[in-house]
Amino acid sequence: REDETVCNYFDELEFHPERIDVAKDDSVMMKNTAEKIKGIMGGARNYGPTPEELEEMRRQEEEAKQKKEAEEKAERERREAEEATERKRRQEEWASRLTEVKKEEYQLLEAQSIPLRNYLMQHVMPTLTQSLIDCCKARPQDPIDYIAEYLFQNNPQVD
């Protein structure tokens, strides 16, 4: 079992132990010992990601960013399409209501104008029609003045 010791294992791999006596180091914060270890082991090593790993991480982050931007753009376009559809629906609804209101106003005006029309047809139109006929027959120099005089002279209400 002499072959299975830790020292034999490292000897086979050609790792030879170094002896450092730390009790003899009187420097501040064991600076001499630290320098000796650095000389044996070499400088500090960065055990962070390799340049390839860093590149892969950067690429993945870029892909994730592009994917997120694409999703946000698709969501924004979907929302804009929904808003456009909703706006169009509201405009159509508004237009139909406007048409209905105009129709109701027209019907109301028609209903309200019936008494006025009846009055005009009974009391104004007969005299006005006769004045226009007489004006056409007489062909006066000032037809407007002629019609006004005719209406004053033949007013049925004044009698």
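Hydrogens, waters and symmetry mates play no part in the numbers below; they use all other heavy atoms, side chains included. The first residue of the sequence shown is numbered 1, and numbering continues consecutively from there. This one's a predicted model, so the numbers in the text were calculated from it and none came from an experiment.
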Under the rule for salt bridge (Lys or Arg N to Asp or Glu O under 4.0 Å), what residues qualify as partners of Arg87, not counting sequence neighbours?
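With neighbours one apart ignored, the set is empty.
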Taking 4.0 angstrom as the limit, do [X] and [Y] come out as a salt bridge?
| X | Y | answer |
| --- | --- | --- |
| Arg58 | Glu61 | no |
| Glu82 | Arg78 | yes |
| Glu110 | Arg117 | yes |
| Glu93 | Arg90 | no |
| Arg59 | Glu56 | yes |

When you look at Ile147 and Leu151, which way does the side chain to side chain contact (heavy atoms under 4.5 Å, CB included) test go after all the steps?
CA-CA 6 Å; Ile147 292 173; Leu151 291 175; 4.1 Å; yes
Between Glu63 and Gln60 (side chain of the first, backbone of the second, donor and acceptor by atom type, cut-off under 3.5 Å), is there such a pair?
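Judged by distance alone, no pair lies under 3.5 Å.
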Please check: side-chain N/O of Asn32 versus main-chain N/O of Ser27, any donor-acceptor pairing under 3.5 Å?
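Here the side-chain-to-backbone pair does not exist.
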Same cluster for [X] and [Y] if Ile/Leu/Val/Met/Phe/Trp/Tyr side chains link at under 4.5 Å?
| X | Y | answer |
| --- | --- | --- |
| Leu109 | Tyr106 | no |
| Leu108 | Val101 | no |
| Tyr150 | Val124 | no |
| Ile144 | Phe152 | no |

Reported [atom1]-to-[atom2] distance for the pair [X] and [Y], which is rounded to 0.5 angstrom:
| X | Y | atom1 | atom2 | value |
| --- | --- | --- | --- | --- |
| Asp26 | Met30 | CG | CE | 9.0 Å |
| Asp142 | Glu149 | CG | CD | 10.0 Å |
| Thr129 | Asp134 | OG1 | CG | 11.0 Å |
| Tyr146 | Leu132 | OH | CG | 10.5 Å |
| Gln112 | Glu105 | CD | CD | 10.5 Å |

Is any side-chain heavy atom of Asp21 closer than 4.5 Å to one of Thr33?
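Thr33 vs Asp21: side chains apart.
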Looking at every heavy atom in both [X] and [Y], which two are closest together, and how far apart are they?
| X | Y | value |
| --- | --- | --- |
| Glu53 | Thr50 | OE1-N, 2.8 Å |
| Asp25 | Lys31 | OD2-N, 4.1 Å |
| Pro126 | Leu120 | CD-O, 4.3 Å |
| Pro140 | Pro143 | CG-CA, 3.9 Å |

Donor-acceptor pair between Thr127 and Asn154 side chains, under 3.5 angstrom:
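Note: Thr127 and Asn154 side chains miss the donor-acceptor criterion.
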Hey, mind stepping through Arg89 and Glu86 against salt bridge (charged side-chain N to carboxylate O under 4.0 Å, His left out) and telling me if it holds?
CA-CA 5 Å; Arg89 185 190 63 78; Glu86 181 65 19; 2.4 Å; yes
